[in-house]
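Data first, discussion second: the structure below is written as structure tokens.
Small disclaimer: the values here were computed from a predicted structure and weren't measured. The residues of the chain are indexed from 1 along the displayed sequence.
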Amino acid sequence: MGNDDHRRRKTPCGFCMSVFKWIPVLFITAVIAWSYYAYVVELCIRNSENGIGMVFMLLFYHISLTLFMWSYWRTIMTSVGQIPEQWRIPDEEVTRLFRADSPETQKRILNNFARNLPVTNRTMNGSVRFCEKCKIVKPDRAHHCSVCSCCVLKMDHHCPWVNNCVNFYNYKFFVLFLGYALVYCLYVAFTTLHDFVQFWKGQLNSGGMGRFHILFLFFIAIMFAISLVSLFGYHIYLVLVNRTTLESFRAPIFRVGGPDKNGYNLGRFANFCEVFGDDWQYWLLPVFSSRGDGYSFPTSSDQSRASATTTAVASPVQRYDAMGETASSRLDGNPTDKLIDAIPFDSTNHQNHHHHQSTHQVRSNSDQQLDEQPDLAAGGRITAAARSSQEGAVFIEMVGDHARTEAEPVKNSTRPPNGDLPV
């Protein structure tokens, strides 16, 4: 929990809210406790006529219940963690950031601070992601939770049924909790089906309230199983494509490549091992075995670059229809962050617009050259342009922080003394 949450608890209203958050957990616990009584006492002990069958029923019941409750408890009690101080922006820099006179200045302040941090995610305007409440640079895939009042690593969502954020540290426990809860409900439903049929035929041996316990146990088990099937199936899908619930609704934006909902997709088995770990002995146990540290994650472009040969390798991901292909890796170039701006390209006033550009920006000299050379790299300066329609094109600039090295001369142009390419 964050510091704001601790301050809220000191007030009477904050204390009441903290207690109120535990109501869903108490409800689930009460249902499980009642189901234990209905199954063990009413169904097995008082109603079963086969002693050996009752022993096996209770054995498998307690195995599924133990794994179910173990996963549920680990999901609830695992802390969301705390972002290290190296990600926290000093107070004087925060003051400069809030007093900046333009978004461009704010981007430069954030990029300068995060130049040594392993961040590849960006905002819509190309800036490093910054949390105004926690005063930190957000690690990749991290988000601020308004309920927990802090930034959460690889946040999936805040689940009221566990009164905790589903995040990097407990996502494996959460998926196992859903799976074992589904197994528990299906097991209870199948083993009570015979007694349910006997109840409707009027042949159930149990009398009094016992038969109603068995009847409601069957209905509740079926009801929870139906809801868990879709939820568990959805999260298995997210595991196999290496995507969080938040990323499925809003794709992460990368420094190079832009929005890509499959940016972390490494292949199904690799994605599975990133959550469940490399040792198969711990896959089905609620013991932490996930890969990584929660601050940086391998991307699909890293995998493509590692396996690339002399021939072009097809991209392993499908990008949004609105995004074009990129020939650069998201981690290519210098580790310093780039500023990404989308500027409409207008050929009629392009000559006048050149006088307002920085000496660190590189442009191609004609629309024809934009088509022939979509990417021009010169010492860490990358300029990519592509036509988006017949009316114009989208011109994407990336301005680096280091001195430019010698670039190859552009066809039909001469290099002026100041080193800029002619427009």
Query raised in the report: Between Tyr171 and Val275, is any pair of side-chain heavy atoms under 4.5 Å apart?
Result: yes
Query raised in the report: Under the side chain to side chain contact (heavy atoms under 4.5 Å, CB included) criterion, do Val152 and Val166 qualify, and how do the steps go?
Result: CA-CA 9 Å; Val152 180; Val166 179; over 6 Å; no
**Report entry** Over all atoms of both residues, closest heavy-atom pair of Cys273 and Asp278
**Finding:** CB-OD1, 3.8 Å
Query raised in the report: Is there a donor-acceptor pair under 3.5 Å between the side chain of Tyr72 and the backbone N or O of Ala181?
Result: no
Report task. Mind running side chain to side chain donor-acceptor pair (under 3.5 Å) on Thr66 and Tyr180 for me, showing each step along the way? Result -> CA-CA 9 Å; Thr66 300; Tyr180 287 130; over 6 Å; no
Query raised in the report: How far does CD1 of Ile214 sit from CD of Gln198, to the nearest 0.5 angstrom?
Result: 11.0 Å
Query raised in the report: Distance-only, no hydrogens or angles: does the Asp156 side chain make a donor-acceptor pair with backbone N or O of Thr245 under 3.5 Å?
Result: yes
Query raised in the report: So, do Ser35 and Ile220 sit near enough that their side-chain heavy atoms are less than 4.5 Å apart?
Result: no
Requested in this report: State whether a side-chain donor-acceptor pair under 3.5 Å links Thr123 with Asn125.
Outcome: yes
Query raised in the report: About how many Å separate CG of Leu266 and CG of Asn242, when rounded to the nearest 0.5 Å?
Result: 5.5 Å
Query raised in the report: So, do Leu285 and Trp70 sit near enough that their side-chain heavy atoms are less than 4.5 Å apart?
Result: yes
Query raised in the report: If you measure from NE2 on His144 to CD1 on Ile136, what distance do you get to the nearest 0.5 Å?
Result: 9.0 Å
Query raised in the report: Side-chain contact, heavy-atom cut-off 4.5 Å: Asp91 with Lys135?
Result: no
**Report entry** Under 3.5 Å donor-acceptor, Arg74 side chain and Val287 backbone
**Finding:** no
**Report entry** Nearest non-hydrogen partners of Phe168 and Gly294, listed with the distance
**Finding:** CZ-N, 3.5 Å
Query raised in the report: Is there a donor-acceptor contact under 3.5 Å from the side chain of Asp140 to the main chain of Asn121?
Result: yes
Query raised in the report: Ile226: what forms a side chain to side chain contact (heavy atoms under 4.5 Å, CB included) with it, not counting sequence neighbours?
Result: Ile222
Query raised in the report: For Tyr37, does the OH atom sit with more than 12 other heavy atoms under 6.0 Å from it, leaving out its own atoms?
Result: yes
Query raised in the report: Any sub-3.5 Å donor-acceptor pair from Gln106's side-chain atoms to Leu97's backbone N or O?
Result: yes
Query raised in the report: Do the rings of Tyr39 and Tyr187 sit parallel, tilted or perpendicular, given the 30° and 60° boundaries?
Result: tilted
**Report entry** Arg291 atom CZ, over 12 foreign heavy atoms within 6.0 Å
**Finding:** yes
Query - Other residues, nucleotides, ligands: >12 heavy atoms within 6.0 Å of Phe98 CZ - result: yes
Query raised in the report: Side chains of Asn271 and Asn265: is there a donor and an acceptor less than 3.5 Å apart?
Result: yes
Query raised in the report: Using the ring of each side chain (for Trp, its six-membered ring), is Tyr169 parallel, tilted or perpendicular to Phe288, with breaks at 30° and 60°?
Result: tilted
Query raised in the report: Hey, is the main chain of Thr244 close enough, under 3.5 Å, to the side chain of Glu247 for a donor-acceptor pair?
Result: yes
Query - Minimal non-hydrogen separation, Leu178 against Leu228, with atom names - result: CD2-CD2, 4.0 Å
Requested in this report: Verify the neighbour count for atom CD1 of Ile52: are there more than 12 heavy atoms of other residues, nucleotides or ligands below 6.0 Å?
Outcome: no
Report summary line: By ring pair (Phe, Tyr, Trp, His ring centres under 6.0 Å), Phe218 pairs with (sequence neighbours left out) Phe196
Query raised in the report: Are His62 and Tyr36 an aromatic pair by the rule of ring centers under 6.0 Å?
Result: yes
Query raised in the report: Hey, is the main chain of Asn112 close enough, under 3.5 Å, to the side chain of Arg115 for a donor-acceptor pair?
Result: yes
Query raised in the report: Atom CD1 of Ile89 and atom SG of Cys134: how far apart are they, to the nearest 0.5 Å?
Result: 11.5 Å
Query raised in the report: Within the distance-only criterion (no hydrogens, no angle test), does the side chain of Asp260 pair as donor or acceptor with the backbone N or O of Pro252 below 3.5 angstrom?
Result: no
Query raised in the report: Using the ring of each side chain (for Trp, its six-membered ring), is Trp283 parallel, tilted or perpendicular to Phe269, with breaks at 30° and 60°?
Result: perpendicular
Requested in this report: State, with a plain yes or no, whether a side-chain heavy atom of Pro84 is found less than 4.5 Å away from one of Tyr295.
Outcome: yes
Requested in this report: Test side chain to side chain contact (heavy atoms under 4.5 Å, CB included) on Val25 and Trp161 and set out the steps.
Outcome: CA-CA 5 Å; Val25 177; Trp161 299 108; over 6 Å; no
Query raised in the report: Do other residues, nucleotides or ligands put more than 12 heavy atoms under 6.0 Å from the CE atom of Met223?
Result: yes
Query - Plane angle bin for Phe177 and Phe68 - parallel if under 30°, tilted between 30 and 60°, otherwise perpendicular - result: parallel
Query raised in the report: Does any non-hydrogen side-chain atom of Tyr234 lie less than 4.5 Å from one of Ser248?
Result: yes
Report task. Tell me, please, whether Phe297 has Arg141 positioned over its six-membered ring: NZ or CZ under 6.0 Å from the ring centre and within 45 degrees of its axis? Result -> yes
Query raised in the report: For the residue pair Phe276 and Phe272, does the interplanar ring angle fall in the parallel (under 30°), tilted (30 to 60°) or perpendicular (over 60°) class?
Result: parallel
Report task. Ignoring hydrogens and angles, state whether a donor on the side chain of Asn111 or Arg108 is under 3.5 Å from an acceptor on the partner side chain. Result -> no
**Report entry** Pairwise distance CZ(Arg96) to CD1(Ile109) - rounded to 0.5 angstrom
**Finding:** 4.5 Å
Query - Trp73 atom CH2, neighbour heavy-atom count above 12 within 6.0 Å - result: no
Query - Asn170 (side chain) donor-acceptor with Cys165 (main chain) under 3.5 angstrom - result: yes
Query - Any Ile32 side-chain heavy atom under 4.5 Å of Met69 side chain - result: yes
Report summary line: Between Glu274 and Lys154 the two heavy atoms that sit nearest each other are OE2-NZ, 4.1 Å
Report task. Count the heavy atoms of every other residue, nucleotide or ligand shown that sit under 6.0 Å from CD of Glu132, and state whether that count exceeds 12. Result -> no
Requested in this report: Output, in order, the C-alpha distance, side-chain angles, deciding distance and verdict of side chain to side chain contact (heavy atoms under 4.5 Å, CB included) for His158 and Cys148.
Outcome: CA-CA 8 Å; His158 186 92; Cys148 296; 3.6 Å; yes
Query raised in the report: Is there a donor-acceptor pair closer than 3.5 Å between any side-chain N or O of Thr191 and the backbone N or O of Val188?
Result: yes
Requested in this report: Compute whether any side-chain donor of one residue and acceptor of the other, for Ser289 and Lys172, lie under 3.5 angstrom apart.
Outcome: yes
Query - Trace of the side chain to side chain contact (heavy atoms under 4.5 Å, CB included) decision for Ser300 with Asn262 - result: CA-CA 8 Å; Ser300 57; Asn262 290 316; 6.0 Å; no
Query raised in the report: When you check the side-chain N and O atoms of Thr105 and Asp101, is any donor under 3.5 Å from an acceptor?
Result: yes
Requested in this report: List the atom of Val183, the atom of Ser64, and the distance in Å for their closest heavy-atom pair.
Outcome: CG1-CB, 4.5 Å
Requested in this report: Over all heavy atoms of both residues, which pair between Phe174 and Thr75 is shortest? Give the atoms and the distance, please.
Outcome: N-OG1, 3.4 Å
Query - Interatomic distance, Thr192 atom OG1 to His213 atom NE2 [nearest 0.5 angstrom] - result: 14.0 Å
Report task. Would you indicate whether the side-chain heavy atoms of Cys150 and Val80 approach each other to under 4.5 Å? Result -> yes
